[in-house]
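Worksheet: one structure, shown below.
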Amino acid sequence: MARSNDEVAALFREYADLISITGGDAYRARVYEKAARSVGGYHADVARLDVKGLQEIPNVGKSIAEKILEYFRSGSVSAVDELRARIPAGVRRLTAIPTLGPKKACLLYEELGISSVEELADAIHEERLRDLKGFGPKTEQNILHGIELLQSSGDRVLLDVALDLADDMVAALSRATGCRRCAYAGSLRRVRETVGDIDILATAEDSAPLMRAFSELPYVAEVVARGETKTSIRTTKGLAVDLRVVPPDSWGAALQYFTGSKAHNIRTRELAVHHGLKLSEYGLFDIESGEKIASETEEDVYARLSLPWIPPTLREDRGEIEAGLRGELPDLAVESDIRGDLHTHTDLTDGLAPLEEMVAAAAERGYAYYAITDHGPDMAMQRMTDERMLAQRARVRELDGTCGRGRGMRLLHGAELNIDPDGGVDWPEEFLAGFDLCVASVHSHFNQGREAMTRRIVRACENPYVNIIGHPTTRIIGKRPGVDADLDAIFAACARTGTALEINAHPDRLDLRDEDILRARRYGVKFAVDSDAHATLHLANMRYGVGTAQRGWLTKADLINAWPETRLRRFLSKGHKGRVTRRSAA
DNA sequence: GCCGTTTTCGGCCCGACTGTTTTCAGTCG
């Protein structure tokens, strides 16, 4: 079930689209888009706010506040219903076709009555678009091609896939003649969990050799647009990539511009206007004199807008501009702050590498501590027994303090428990007390009702030996939605019981996701960024988890695995004695 | 329809590329 904020956001996005399609005031449409974003990202449940509370949400004024109230009172908003009655839903769907926007969609509907993607394809084949103003043969082709792309759903790709490709492209372009600097920007630099297209930025006096090198990369399937400063291609796997080339002294302004997000850029450009300046990818200019004020580095550009440099992971217009102006940007956690990984597996259960190899690989990463957390017996196929677990523990104790910097890497013996449908876990408390820490996760029965699922996870938090809720929503990006649970109730339970929420760093999961982290931190919850590694190579996924933590505005104080070992052990004791004694004995 | 260290009314981000338009509108990011 969607959060009520998400329902309202979707409604306003639809309303904004309908306003555009019906040729309504473009500024009004934009206001609804902005309100949709603000509501979607707002921490409090809009269903529980009154007019006054609603108007405290940015971009929500009296009129929009009243529409929100109307929605929760009657289940619909009459203004939206009126436009829906005028424009079939299929017309809005037309605007999902690349190169086809609201204006063309409106014309197609009004002149030809076209109200679905299928009807549009038929109309083109029957040559019925021929005498429509603004539609030529090339437009027809582009629409047909766009429909193909839409139907083969040029989906967003996962962060790790896009990053590998981008690294490769940047390396290739950096070798091209005349390339001064080259880097990827866009959502990839902001470490979004999926990437719709890759933006690459380069500087050169002459762009031609770079554009040529770009078009000739081996995995280019199609050159979509080709200009002097911008070339767009589509890869053989359907991923869109843009290359922008600007003069060398525009590097900072261009990097700022192409890193986005769109909403963040709009805010920074508005800020520029308030300073009597104009901001573009070429620099920050004085409007009156046309003089260039800043352009060489991002720091320069932000500084002239009275802002500190804003880390790319924060650039989503989620309050970073306001925080920057107040000098209150968080000191974000970085990968080198991570002192250890608290959720990893070995070949004792479903991991690929033996304990010794995992420990050696962890030591290689310079960790101060490292936890081994294989599955408990509830995951029947793993054939875990008390004996096997205790034997592993003995071996972990032997290896403890034999690896890493100065042989000082401490090993923690833990388990990844399974949270059963009632909220119970694999072992009784007596046995759990022997572990240094326990991660507990949902692995089955994903479709329990919201209440039962919430109760289930809250009960796991209340277990005195459960320290971390692993991949809290169990979503798999693009494949399985997160469980339906009252996350706010779970966040409150975590804060109350001293249970950390995991930020699972596997690029398929990234669970919790950034928006939920933003909400959870308001409850005072602590987090653990874990790789959930099942092989030595997976330990390096930590970078994606840290990026996600940054997108959730977390500092190292928020991450239990960025804490010194003593502080971590105290947290793991959850206020009871058992675990703390083991620690002091060690 | 929202918003305010230029404003409670009059603004509202900026530029590139494409296609069809002989001067610019539409779309995109």
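Order of the sequence lines sets the chain letters (A, B, ...), proteins ahead of strands, with each chain counted from 1. The figures here come from the full heavy-atom set of this structure, side chains too, leaving out hydrogens, waters and symmetry mates.
- Between the side chains of A:Asn142 and A:Thr99, not a single donor N or O lies within less than 3.5 Å of an accepting N or O.
- For the C1' atoms, the distance linking B:dC14 with B:dT7 amounts to 23 Å, nearest Å.
- A:His145 has its NE2 atom 14 Å from the P atom of B:dT18, to the nearest Å.
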Please table the atom pairs, donor to acceptor, closer than 3.5 Å between any side-chain atom in residues 548-555 of chain A and protein atoms at least two apart or in another chain.
from	atom 1	to	atom 2	distance (Å)
A:Thr548	OG1	A:Tyr544	O	2.9
A:Gln550	OE1	A:Thr313	OG1	2.9
A:Gln550	NE2	A:Ala333	O	2.8
A:Arg551	NE	A:Asp514	OD2	2.9
A:Arg551	NH1	A:Arg190	O	2.9
A:Arg551	NH1	A:Glu316	OE2	3.0
A:Arg551	NH2	A:Glu316	OE2	3.2
A:Arg551	NH2	A:Asp514	OD2	2.9
A:Thr555	OG1	A:Ala557	N	3.3
A:Thr555	OG1	A:Asp558	OD2	3.3

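- For the pair A:Arg244 CZ and B:dC17 C1', the interatomic distance rounds to 9 Å; values are reported in whole Å.
- Qualifying side chain to side chain donor-acceptor pair (under 3.5 Å) partners for A:His506, counting only residues two or more places apart in sequence or in other chains: none.
- At a threshold of 4.0 Å, the pair A:Glu148-A:Arg234 does not count as salt-bridged, since none of the basic side-chain nitrogens sits closer than that to a carboxylate oxygen.
- Screening A:Leu129, A:Val91, A:Asp122, A:Ile124 against A:Ile114 for a side chain to side chain contact (heavy atoms under 4.5 Å, CB included) leaves a single residue, A:Leu129.
- In the displayed structure, A:Glu228 atom CD is contacted under 6.0 Å by at most 12 heavy atoms of other residues, nucleotides or ligands.
- Remark: P of B:dG1 and CD of A:Glu70 are 12 Å apart, rounded to the nearest angstrom.
- Summarising the geometry, the separation between OH on A:Tyr282 and P on B:dG15 is reported as 9 Å, rounded to the nearest angstrom.
- Between the CD atom of A:Glu33 and the C1' atom of B:dC3 there is a distance of 17 Å, given to the nearest Å.
- A distance of about 23 Å separates the P atoms of B:dT5 and B:dG1, rounded to the whole Å.
- The CD1 atom of A:Ile266 sits 14 Å away from the C1' atom of B:dC2 (whole-angstrom rounding).
- Among pairs with a residue in residues 167-179 of chain A, those fulfilling side chain to side chain donor-acceptor pair (under 3.5 Å) read A:Asp168-A:Tyr219, at least two apart in sequence or across chains.
- For A:Lys67, whose side chain is taken as the heavy atoms from C-beta onward, the closest listed nucleotide among B:dG1, B:dC3, B:dC14 is B:dG1.
- Closest approach to the A:Ser280 side chain among B:dG29, B:dC2, B:dC14 is made by B:dC14 (side chain taken as heavy atoms from C-beta onward).
- Partner assigned to B:dT8 is none, using Watson-Crick or G-U wobble distances below 3.5 angstrom.
- A sub-4.0 Å separation between OP1 or OP2 of B:dC3 and a side-chain N or O of A:Lys34 is absent.
- Using atom C1' as the reference point in both B:dA16 and B:dG10, the two lie 29 Å apart (nearest Å).
- Contacts between residues 253-263 of chain A and DNA chain B, counted as heavy-atom distances below 4.0 Å, involve A:Tyr257, A:Lys262.
- Take the nearest nucleotide of DNA chain B for A:Val60 and for A:Leu279: the residue whose nucleotide is more 5' is A:Val60.
- Of the charged side-chain nitrogens involved, none lies within less than 4.0 Å of a carboxylate oxygen, so that A:Lys262 and A:Glu33 do not count as a salt-bridged pair.
- Residue A:Arg522 qualifies as open at atom CZ: its count of foreign heavy atoms under 6.0 Å is 12 or below.
- Take A:Glu126 and apply the salt bridge (Lys or Arg N to Asp or Glu O under 4.0 Å) test, not counting sequence neighbours, and it matches A:Arg128.
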Check the pair A:Arg156, A:Glu193 against salt bridge (charged side-chain N to carboxylate O under 4.0 Å, His left out), reporting the backbone distance first and the verdict last.
CA-CA 9 Å; A:Arg156 299 178 72 88; A:Glu193 62 190 37; over 6 Å; no

Sugar-phosphate means primed atoms, P, OP1 and OP2; the rest is base. With that split, encode nucleotides 19-28 of chain B 5' to 3' as B, S or - using protein heavy atoms under 4.0 Å.
SS-----SSS

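- Residues of residues 303-320 of chain A that place a heavy atom closer than 4.0 Å to DNA chain B do not occur.
- On the P atoms, B:dC2 is 23 Å away from B:dT6, given to the nearest whole Å.
- The salt bridge (Lys or Arg N to Asp or Glu O under 4.0 Å) search around A:Glu328 returns A:Arg326, not counting sequence neighbours.
- Picking from B:dC17, B:dG1, B:dG15 the nucleotide with the shortest atom distance to the side chain of A:Thr229 gives B:dC17.
- Using atom P as the reference point in both B:dC17 and B:dC12, the two lie 25 Å apart (nearest Å).
- Rounded to a whole Å, the NZ atom of A:Lys62 is 14 Å from the P atom of B:dC3.
- Judged by closest nucleotide on DNA chain B, A:Ile57 is the one of A:Asp197 and A:Ile57 placed further toward the 5' end.
- Separating the P atom of B:dG15 from that of B:dC9 is a span of 31 Å, rounded to the nearest Å.
- Scanning all heavy atoms of the two residues, the minimum distance from A:Ser295 to A:Asp249 falls at OG-O, 2.6 Å.
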Between protein and nucleotides 4-12 of chain B, what N or O pairs are separated by less than 3.5 Å?
from	atom 1	to	atom 2	distance (Å)
B:dC12	O3'	A:Arg30	NH2	3.4

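- Under the side chain to side chain contact (heavy atoms under 4.5 Å, CB included) criterion, A:Thr22 pairs with A:Leu83, A:Arg86, A:Ile87, not counting sequence neighbours.
- OP1 and OP2 of B:dC17 both lie 4.0 Å or more from every side-chain N or O belonging to A:Ser232.
- Considering only residues two or more places apart in sequence or on other chains, A:Arg13 meets the salt bridge (Lys or Arg N to Asp or Glu O under 4.0 Å) condition with none of them.
- Atom name P, nucleotides B:dC28 and B:dT23: the rounded distance is 25 Å, in whole Å.
- Taking A:Glu288 as the reference, nothing meets the side chain to side chain donor-acceptor pair (under 3.5 Å) condition, with sequence neighbours excluded.
- Per the geometry, CZ belonging to A:Arg267 stands 11 Å off P belonging to B:dC3, to the nearest Å.
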